[in-house]
Amino acid sequence: MPAIELSNVVKRFGEITAVDGLTLDVPKGICLGLLGPNGAGKSTTMRLLTGQSIADSGKIKVLGLDLPKQSKQARARMGVVPQLDNLDVDVTVEDNLAVFARLYRAPDVPAAVNRSLEIARLTDRRKAKVMELSGGMRRRLLLARGLVHDPELVLLDEPTVGLDPQIRTQLWTLIDGLRSAGATILMSTHYIEEAERLADEVAVVNAGKVIARGKPGDLIREHAGTRTVEIYGPPHELDAHREQLELEGVSVRAAGPAIAVLDAEQAPRHLIPDHAVERAASLEDVFVKLTGEDAE
Amino acid sequence: MSADSEAVAVETAKLRRFEPRAISAVMSREVANFRTFWKGTTFSSVLEPTIYLLAFGLGLGSTLVGDVGSIPYVEFVGTGMVATAVIFSSALPAMFGTFVKHHFQRTYDAILATPVDTEELVTAEVLWIGLRSGFYGTFPLLVTIIFFGLDPKLGMLLVPIFCMVTAVGFAGFGVSVAAKAEKIDQFNYVTTLAITPLFLVAGTFFPIDQLPEGFQVVAQLNPLYQLVELVRGAAFGFQTVDILRFCGLVAFSTALWRLACVLMQRRLID
Ligand SMILES: Nc1ncnc2c1ncn2[C@@H]1O[C@H](COP(=O)(O)OP(=O)(O)OP(=O)(O)O)[C@@H](O)[C@H]1O
Ligand SMILES: [Mg+2]
């Protein structure tokens, strides 16, 4: 039985269809990266999984439980780390955790608090008020709060959005540890690197649908081949290259100051100038090709 | 899986609607926060009635106004001010607190991601405000006893209960308003059009029976007036009709608590 099963889920907000026939299952014990541009429906999907949003149609099962009917039971067994910090800032680190241990009905609140303090490496700051913590500590606390009851399933909504690289690395270490410990993780992100580093499998979502799904390596091979070539030059030259390549049916995209040619081995050699830079195809190539969005 | 999560898995079998443990967990969050600001709240809860009683009670009482019935004016105002303390420590914190927790702090998003339902969340919030108001609502009475010579009576032990029941209702009102509000400025209208009039025609500063008949009917529908009457009953002797007043307050609270649950469910779950 998969940890999460979504089939044909639709969620509308008035005119907007945030989730549009989304089908996805997350097997137990893996970290699945939900990779999608802004507004793709990642947060809405997370809210559907906690019963905070009710689907207009489709089926949702979490840990074998039917949602929204059994969502309370499901919530008891999953931990949620939100996109935006919602800690109680005037309250101490340990009190923040203790409240959530009680909300999750932990049988031994002090033990649960100690355990999650250790995971987040915040034991020596337990008496500090949240507002006295550094940005990185706050984020670690937010993560620890979602883990206070040792959940089987963890939902991470853009866990490192807007953080500086150092803090991001700290969090990646924590998330990786969580995965090694056997938890199932559903992590939304629009950072390619985050998905590449942490996710066993990736589901690319766009406009409320899963448009590709698989192991990062498989997705790259399937959608972007093995080699990508980047051509640099003045814009009018690039436009000319692009036009010629596309006439030959080659997949080309803008990549900042350059254009990127996907699946470069298949492209006619004479159309690739000598100064072009060749590199291994990446998940970013897949993402941009499928969603048409520039990735971060 | 560790022993901890097995225990959780076992616990989930027991999860049902409206659980006392969910409610007490949400209240524990309120307590944790309250511990950071209780001194200020306590200080103003003592000082405010004292200032009012000095100004109105002694100022007016010794110059312009004599006794009300057989009650010295300062004791009349002192007992009446219990209602003032209750509405200002329930409706306003519920309104602003709910709005801030929902829109700015996103506290409710965090809580509803745990095995807690909106109904339990709202119940915990209004109960906590009720308890707090039940406690602080008695301060004007204590101030009147200690500094202004009101005789303590056994019946006064019921005052925290009267306050709490009323406060739960006004907390429900505040939560309902916050559930409907789009912007925090809209609370100005509610304060001016609802809370201030309720507080003025509660019989705190002047007896209702001197008002035109229309006002008297309105006052009867004002839960704060019923609270004032109950507090004066506790201080100067209950009447049979007070049982009816208390039942009225219980009905008022129950209705607004339910309304708050329904409106918040609509607001929080989309
Ligand atoms: N409560 C709501 N009311 C109206 N529209 C909403 C609501 N929640 C989400 N939407 C809309 O649904 C779409 C999907 O939003 P969602 O937040 O799920 O995207 P996302 O993938 O999480 O994006 P981001 O990367 O920006 O966090 C957006 O167009 C958003 O504006
Ligand atoms: Mg989002």
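Predicted model only: the values in this text are computed from it and were never measured. The sequence lines fix the lettering, A, B, ..., with proteins before strands; numbering per chain opens at 1.
Counting heavy-atom pairs closer than 4.5 Å to chain B, the top residue among A/L48, A/V80, A/I54, A/T50 is A/I54. In terms of heavy-atom pairs under 4.5 Å with chain B, the best-connected choice from A/D88, A/V91, A/D90 is A/D88. Between chain B and the residues A/Q70, A/R75, A/M46, the most heavy-atom pairs under 4.5 angstrom are made by A/R75.
The only member of A/T160, A/L87, A/L163 that meets side chain to side chain contact (heavy atoms under 4.5 Å, CB included) when paired with A/R139 is A/L163. None of A/T184, A/L147, A/T173 except one satisfies the side chain to side chain contact (heavy atoms under 4.5 Å, CB included) rule with A/L178; the exception is A/L147.
For A/D95, the part lying under 4.5 angstrom from a heavy atom of chain B is the side chain only. Only the backbone of B/L268 comes within less than 4.5 Å of a heavy atom in chain A; its side chain stays farther off. In this structure, chain A has a heavy atom under 4.5 Å from the side chain of B/R35, while its backbone stays farther away. Heavy atoms of B/T36 lying under 4.5 Å from chain A belong exclusively to its side chain. Only the backbone of A/D85 comes within less than 4.5 Å of a heavy atom of chain B; no side-chain atom from C-beta onward does.
Within 6.0 Å of atom CZ in B/F43, 12 or fewer heavy atoms from other residues, nucleotides or ligands are found, so the atom counts as exposed in its surroundings.
Using a 30° and 60° split on the angle between ring planes, B/F37 and B/F34 fall in the perpendicular class, above 60°.
Residues B/F99 and B/F96 keep their aromatic ring centres 6.0 Å or farther apart.
Between A/E94 and A/R125, no side-chain nitrogen of the basic residue sits less than 4.0 Å from a carboxylate oxygen of the acidic one, so the salt-bridge criterion is not met.
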